[in-house]
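Naming: A, B, ... by sequence-line order, numbering from 1 per chain.
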Amino acid sequence: MLRTIFPALAHAIDMNSCPTLHQEGTAKNIKDKLQVLSMAVVEAYNILPNLDLIVPCVMNKGIDFSVSSLSMVPGITIKPMLEKITNGIPQALKLFENKAFTCEYKYDGQRAQIHKLVDGSICVFSRNGGESTSRFPDLIDIFKGSSKSVASTFIMDAEIVDIDRKNGYRIMSFQVLSSRRRGGKDTLVDICIFVFDIMFANGEHPFKFCFQIEVDDACLTYEATLTKINAFLEDALCSSCEGILVKTLDVDAGYSPSKHSDKWLKVNYVEGLNDTLYLVPIGAWHENGRKAGWYSPFLMACFNPEAKKYQSVCCVMSRFSDSFYRFVKLMKELFSRDKVLSKKPPYYQTGVASDMWFCPQVVWEIRGAYFTVSLGLICITDVKMDYFLHLKKMGINFCASDRSPKECSAVANIVEMFHSQTRKMDATAGD
DNA sequence: ACTGATGCGTC
DNA sequence: GTCGGAC
DNA sequence: GTCCGACGACGCATCAGT
């Protein structure tokens, strides 16, 4: 839409409202002008995604239209600024070489754009611009109680996080936050709001102004900086955060709506789990659509030597590249005919009902960045019955290892890995 | 009143 | 949110 | 390098069938 419809719209409006345009100057000149206009319309849409307001303005201003022709309007969402994903702190440092920057925790919650309208009411919008005011009556109360005299209107960017105030202000996972009853009234899940940007206040656009800051640590060596940020990331992970955001403070710093901007960098995992998991595919679901005829996801299990049972650990997701499908036929041989069991065997322990069950045949190497834990189903009893561990950011080596199924990872190993990971995932909420 | 399938919105 | 692929 | 559509997990809400 940004690269097709809006430019076309801008051209159409302008050709219509300024018929003499194509008589002035060279073709290239006109093309350049329209290019600039297209960009301006796109930019305007990002801060005011409402064509009823943009179109009349473009018609009025013609080729002179620019983003400053319009203003944000409390009540209409700004397209949220997005961060660029990095694979670790060294990459972030390289991108911000010779730049001033700051680091923040990246909380594991729900993005919220909070508006105070001219009539004084508070509205909450989600990342996708949907209104979710009714889900957070307690947020409204907080703002009603605290912002009366500060600003008549504002638009701010925040993260809503679940916090356990009765238990040492522990920050709970997104999973717990999302278990809130919809439509208000929920006393079980207490929230906390971390505001990290103010895009609009009392009719002004603070983000248009450059930061005036004093730079700390300007003389630190690369190694010292790396150490310091590593420690900060460690703190964030220990505080149940998803990772950290590294934000530039340079002269071009500012809010860039709708951009996976390289002004914000996300570092949310470092190396991945130290150990590879060796898991056995014990079942699978049928896949539809483009991948019809193939299985996904696969249900993966580890082994419990005491109980002599395979216990489910996670599903292997279906995100296979097209090139992978060259091996589909080969793989299918592994899971067809006599290898398919008629029903779930007693030595498979899982609460999941997959479409089909396989004999334990092969071991796949699964790498992951960290575990999360979720409601439902079953699995690693030491963590909690009725919870299901999930590996995030998985990588799979389908070449399989040469281990036999019984030599796959043991339950105890996986539980130990879960408990020792830096990022703390709460497994006891809701009790 | 319970259950499973489906829908919708979040990440 | 991630990912792969088109541009 | 950037953008965008197609995906996935997972929660509650809703509804049809029992």
Side-chain angles (χ1 to χ4, degrees), chain A residues 1-7 38-39 42 45-46 77 79-80 82-87 91 95 106-113 124-136 159-162 172-186 188-189 191 241-243 245 256-263 265-266 268-269 284-285 287-292 294-300 312-325 351-353 355 368-377 379 386-396 425 429-430:
Chain A
M1 188 143 96
L2 295 181
R3 285 191 302 204
T4 53
I5 294 178
F6 285 141
S38 298
M39 296 303 292
V42 170
Y45 188 81
N46 285 331
T77 51
K79 296 287 179 185
L82 304 169
E83 72 283 350
K84 182 180 186 137
I85 298 167
T86 67
N87 60 16
Q91 190 193 357
L95 287 164
K106 183 170 194 319
Y107 291 96
D108 182 20
Q110 182 172 336
R111 185 91 173 255
Q113 201 173 95
V124 184
F125 297 93
S126 72
R127 176 202 196 80
N128 296 325
E131 188 171 347
S132 50
T133 312
S134 64
R135 282 199 63 194
F136 300 105
E159 192 82 6
I160 299 175
V161 176
D162 176 31
M172 314 298 279
S173 65
F174 164 77
Q175 211 91 43
V176 182
L177 177 68
S178 65
S179 73
R180 253 194 173 215
R181 299 271 161 202
R182 308 290 147 86
K185 297 218 177 10
D186 193 326
L188 283 175
V189 178
I191 58 164
C241 285
E242 197 191 322
L245 281 177
S256 304
S258 178
K259 287 259 165 44
H260 269 116
S261 166
D262 51 10
K263 298 173 194 174
L265 308 177
K266 177 166 79 173
N268 63 347
Y269 68 104
W285 285 263
E287 181 59 278
N288 301 312
R290 188 168 68 98
K291 297 166 190 170
W294 180 232
Y295 307 134
S296 92
F298 283 92
L299 181 62
M300 307 299 294
S312 63
V313 174
C314 62
C315 290
V316 172
M317 294 182 293
S318 55
R319 188 89 42 152
F320 304 129
S321 69
D322 281 2
S323 60
F324 170 76
Y325 286 88
V352 188
D355 291 341
Y370 56 92
F371 289 105
T372 64
V373 66
S374 71
L375 282 172
L377 314 186
C379 192
D386 302 335
Y387 277 76
F388 195 61
L389 273 179
H390 285 274
L391 265 177
K392 293 296 179 180
K393 290 195 151 308
M394 286 189 292
I396 305 151
M425 304 302 304

[X] has an atom [atom1]; how far is it from atom [atom2] of [N], in whole Å?
| X | N | atom1 | atom2 | value |
| --- | --- | --- | --- | --- |
| R181(A) | dT14(D) | CZ | C1' | 13 Å |
| Y107(A) | dC11(B) | OH | P | 17 Å |
| E83(A) | dC11(B) | CD | P | 11 Å |
| D162(A) | dT10(B) | CG | P | 18 Å |
| L265(A) | dG1(D) | CG | P | 14 Å |
| F136(A) | dG9(B) | CZ | P | 14 Å |
| R135(A) | dG9(B) | CZ | C1' | 8 Å |
| L177(A) | dC12(D) | CG | P | 12 Å |

task = Check whether more than 12 heavy atoms from other residues, nucleotides or ligands sit under 6.0 Å from atom NZ of K106(A), and answer yes or no.
result =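 For K106(A), atom NZ is crowded (more than 12 foreign heavy atoms under 6.0 Å).
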Taking only the side-chain nitrogens and oxygens of [X], find out if one of them lies under 4.0 Å from OP1 or OP2 of [N].
| X | N | result |
| --- | --- | --- |
| Q175(A) | dC11(B) | no |
| R111(A) | dC11(B) | no |
| N128(A) | dT10(B) | yes |
| S126(A) | dT10(B) | yes |
| K84(A) | dT2(D) | yes |

key: Sugar-phosphate, base or nothing in reach of E159(A), heavy atoms under 4.0 Å   =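 Contact class for E159(A): none.
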inquiry  = Using a heavy-atom cut-off of 4.0 Å across all strands, would you classify G130(A) as base, sugar-phosphate, or nothing?
reply    =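 Nothing, no heavy atom under 4.0 Å.
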ask   = Considering only heavy atoms from C-beta outward, does the side chain of R111(A) approach that of E159(A) to under 4.5 Å?
value =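 R111(A) reaches E159(A) side chain to side chain.
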request  = Compare all side-chain heavy atoms of L265(A) with those of L95(A) and state whether any distance is below 4.5 angstrom.
outcome  =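 Yes; the side chains approach each other to less than 4.5 Å.
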Closest non-hydrogen atom pair, V189(A) against S179(A) =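 Taking V189(A) first and S179(A) second, the nearest heavy atoms are CG2-OG, 4.1 Å.
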So which nucleotide from [options] ends up closest to the side chain of [X]?
| X | options | value |
| --- | --- | --- |
| R182(A) | dA13(D), dT2(C), dC11(B) | dA13(D) |
| S178(A) | dT2(C), dG11(D), dT10(B) | dG11(D) |
| K266(A) | dT2(C), dT10(B), dG11(D) | dT2(C) |

key: Member of I160(A), V161(A), D162(A) meeting the side chain to side chain contact (heavy atoms under 4.5 Å, CB included) criterion with Y107(A)   =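 Result: among I160(A), V161(A), D162(A), V161(A) is the only option passing the side chain to side chain contact (heavy atoms under 4.5 Å, CB included) with Y107(A).
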ask   = For F174(A) and R180(A), take the nucleotide of DNA chain D holding the closest heavy atom to each; which residue's nucleotide lies nearer the 5' end?
value =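 The residue whose closest nucleotide sits nearer the 5' end is F174(A).
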